Novice: 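Take this structure first; my questions come after.
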Amino acid sequence: MKKIIIIGASSGMGMRVATDFARMGWRVGIAARREDRLKEVKALYPDRIEYMTIDVTEADAVDRFYKLVELIDGMDYLLYASGCGWSNPELDAARDEETISVNVLGFTRIVNAAYKYYKQTANLHCGHISVITSVAGTKGIGVSATYSASKRYQWTYLQALDQLAYRQHVNVSITDIRPGFVDTPLLAGNRNYPLEMSVDYIAPRLEKAILKAPRVKVIDSRWAVVTALWRMIPDSCWRRLRLDL
């Protein structure tokens with residue numbers, strides 16, 4: 001029986017992936033800050049899902065993460081789906097600091113812990129670390145400066161970790177999953193976004209990326225084209241674009 005840990009599984013993409021894999025017979029460990037939501041998810045498949053409240057910004061996050069791994073007796077796959085961010089043209093400090101705490105510090109804590117787990121255990125069978133980042137890491141977006149910078153950090157960190165795994169002969173695959181706009185609570189209450197995708201649309205594509213474990217996967221093909229065009233825009237032109245996220 002395969003086993004997956006999902007960080008950020010109380011709503012949105014993380015919750016959908018958790019229930020889909022549980023329905024397929026996997027052992028699923030879920031984590032988030034809200035225990036009431038985690039209990040609701042577990043109740044859907046009580047024999048296959050275990051949960052642990054984890055706030056990735058807190059110092060005990062790693063200890064609680066390892067306890068969750070013990071609850072399901074191992075970890076074949078990790079999906080880090082936790083994240084936060086806002087449109088913040090006023091550069092509100094509190095919002096910036098929370099984004100950094102979750103998307104940089106919390107991300108690093110959990111991914112490091114998973115890597116160390118696999119370094120010790122994944123000698124015969126490959127371990128898997130998948131992270132939902134964002135196409136927002138492609139270029140610095142003025143109205144979401146901290147969010148886009150934090151996603152770029154995740155891109156670079158995962159690339160570096162993949163290189164480190166090769167040098168240290170750690171049998172683990174690293175997958176950077178970069179979706180475009182997805183209709184989740186992260187965007188709740190905001191306007192309609194261009195090329196916005198539903199969770200129903202993105203879930204099978206996300207799950208395929210987890211299982212196939214490519215190094216980088218942009219979801220979907222439209223966003224692959226858009227981000228390729230973004231990368232071609234010179235900085236002198238990019239600064240004049242109006243991107244209201």
Side-chain angles (χ1 to χ4, degrees), residues 1-10 13-15 17-32 38 41-42 45-83 102-133 153-177 206-217:
M1 181 183 296
K2 293 181 179 179
K3 302 161 188 173
I4 185 170
I5 299 289
I6 303 174
I7 308 297
S10 62
M13 291 180 283
M15 183 179 73
V17 172
T19 55
D20 282 353
F21 280 124
R23 186 171 60 253
M24 290 188 286
W26 289 37
R27 288 278 286 165
V28 180
I30 60 174
L38 293 173
V41 178
K42 176 178 169 57
Y45 297 94
D47 295 332
R48 298 175 187 169
I49 295 178
E50 299 292 344
Y51 76 87
M52 179 71 63
T53 55
I54 298 177
D55 183 340
V56 298
T57 69
E58 296 293 335
D60 67 350
V62 170
D63 288 339
R64 298 184 69 80
F65 169 72
Y66 285 138
K67 287 178 181 177
L68 181 57
V69 173
E70 291 177 4
L71 274 178
I72 66 168
D73 194 29
M75 176 176 65
D76 300 310
Y77 294 81
L78 167 73
L79 173 63
Y80 188 89
S82 182
V102 174
N103 296 357
V104 176
L105 178 59
F107 154 84
T108 304
R109 278 181 173 145
I110 299 300
V111 170
N112 271 0
Y115 179 84
K116 291 173 182 176
Y117 171 84
Y118 288 132
K119 187 176 182 181
Q120 295 175 1
T121 64
N123 296 317
L124 297 177
H125 303 288
C126 185
H128 302 263
I129 296 173
S130 298
V131 178
I132 299 177
T133 65
Y153 170 87
Q154 292 178 349
W155 288 17
T156 304
Y157 194 90
L158 293 171
Q159 182 182 55
L161 199 63
D162 185 56
Q163 184 187 74
L164 183 65
Y166 180 81
R167 293 188 61 181
Q168 294 184 338
H169 306 289
V170 178
N171 191 16
V172 61
S173 61
I174 311 290
T175 299
D176 177 351
I177 303 173
L206 175 58
E207 290 156 9
K208 182 178 180 180
I210 294 169
L211 295 173
K212 295 291 186 180
R215 176 62 197 85
V216 175
K217 179 62 178 178

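These values consider heavy atoms only, across backbone and side chains, with no hydrogens, waters or symmetry-generated copies. Position 1 is the first residue of the sequence, and the numbers go up from there. Small disclaimer: the values here were computed from a predicted structure and weren't measured.
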Novice: So, for Ile129 and Ala114, which heavy atoms are closest and what is the spacing to 0.1 Å?
Specialist: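 Minimum heavy-atom separation between Ile129 and Ala114: CD1-CB, 4.0 Å.
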Novice: So, the side chain of Thr175 versus the backbone of Pro214: is there a donor-acceptor pair under 3.5 Å, distance only?
Specialist: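 Confirmed, Thr175 side chain pairs with Pro214 backbone.
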Novice: Test your reading of the model: is there a side-chain donor-acceptor pair from Tyr80 to the backbone of Phe107, 3.5 Å cut-off?
Specialist: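 Flag set: sc Tyr80 to bb Phe107 pair under 3.5 Å.
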Novice: Treating Tyr66 as the side-chain partner and Ala113 as the backbone partner, does any N or O pair qualify as donor plus acceptor under 3.5 Å?
Specialist: yes
Novice: Can you tell me how far the OG atom of Ser82 sits from the CG atom of Leu79, to the nearest 0.5 Å?
Specialist: 10.5 Å
Novice: Please report the interatomic distance CG(Asp20) to OH(Tyr45), rounded to the nearest 0.5 Å.
Specialist: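 Rounded to the nearest 0.5 Å, the CG-OH separation comes out at 7.5 Å.
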Novice: So, for Ala81 and Gly8, which heavy atoms are closest and what is the spacing to 0.1 Å?
Specialist: CB-O, 3.9 Å
Novice: Are Tyr153 and Asn103 packed together at the side-chain level, in the sense that at least one heavy-atom pair is separated by less than 4.5 angstrom?
Specialist: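 No, their side chains stay 4.5 Å or more apart.
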Novice: Evaluate ring pair (Phe, Tyr, Trp, His ring centres under 6.0 Å) for Phe65 paired with Tyr117, printing each intermediate quantity in order.
Specialist: CA-CA 11 Å; Phe65 169 72; Tyr117 171 84; 7.8 Å; no
Novice: Should the heavy atoms of other residues, nucleotides or ligands under 6.0 Å from NZ of Lys3 be counted, would the total exceed 12?
Specialist: yes
Novice: Is a donor on one side and an acceptor on the other found under 3.5 Å between the side chain of Arg64 and the backbone of Met52?
Specialist: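 Side chain of Arg64 to backbone of Met52: no pair is present.
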Novice: Looking only at heavy atoms, what is the nearest atom pair of Val102 and Gly83, with distance?
Specialist: CG1-CA, 3.8 Å
Novice: Flag yes if more than 12 heavy atoms outside Lys42 fall under 6.0 Å of its NZ atom; otherwise flag no.
Specialist: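 It does: Lys42 NZ has more than 12 such atoms within range.
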Novice: Strictly distance-based, threshold 3.5 Å: is any side-chain N or O of Arg109 a donor or acceptor partner for the main-chain N or O of Thr57?
Specialist: yes
Novice: Between CD1 of Ile54 and OG of Ser10, what distance do you get to the nearest 0.5 Å?
Specialist: 12.0 Å
Novice: To the nearest 0.5 Å, what is the distance between OH on Tyr157 and OG1 on Thr108?
Specialist: 5.5 Å
Novice: Restricting to non-hydrogen atoms, name the atom on Arg48 and the atom on Arg23 that form the minimum distance, rounded to 0.1 Å.
Specialist: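 Heavy atoms only, the tightest pair is NH1-O, 3.4 Å.
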Novice: Would you please test Leu71 and Tyr51 for side chain to side chain contact (heavy atoms under 4.5 Å, CB included) and show each step?
Specialist: CA-CA 8 Å; Leu71 274 178; Tyr51 76 87; over 6 Å; no
Novice: Taking side chain as C-beta onward, heavy atoms only, is Val41 less than 4.5 Å from Val28?
Specialist: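 No. Closest side-chain heavy atoms not under 4.5 Å.
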Novice: Given 3.5 Å as the limit, does a donor-acceptor pair link the side chain of Tyr118 with the main chain of Asp76, or not?
Specialist: yes
Novice: Give me the atom names and distance for the closest heavy-atom approach of His125 to Asn171.
Specialist: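 Smallest heavy-atom distance, with atoms named: C-ND2, 3.5 Å.
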Novice: Are any non-hydrogen side-chain atoms of Arg215 and Asp176 less than 4.5 angstrom apart?
Specialist: yes
Novice: For Ile6 versus Gly14, what's the shortest heavy-atom pair and its separation?
Specialist: CG2-O, 3.8 Å
Novice: Once you round to the nearest 0.5 Å, how far does CD1 of Ile4 lie from CZ of Phe21?
Specialist: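 Going from CD1 on Ile4 over to CZ on Phe21, the span is 5.0 Å.
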Novice: What distance separates Lys217 NZ from Ile210 CD1, expressed to the nearest 0.5 Å?
Specialist: 13.0 Å
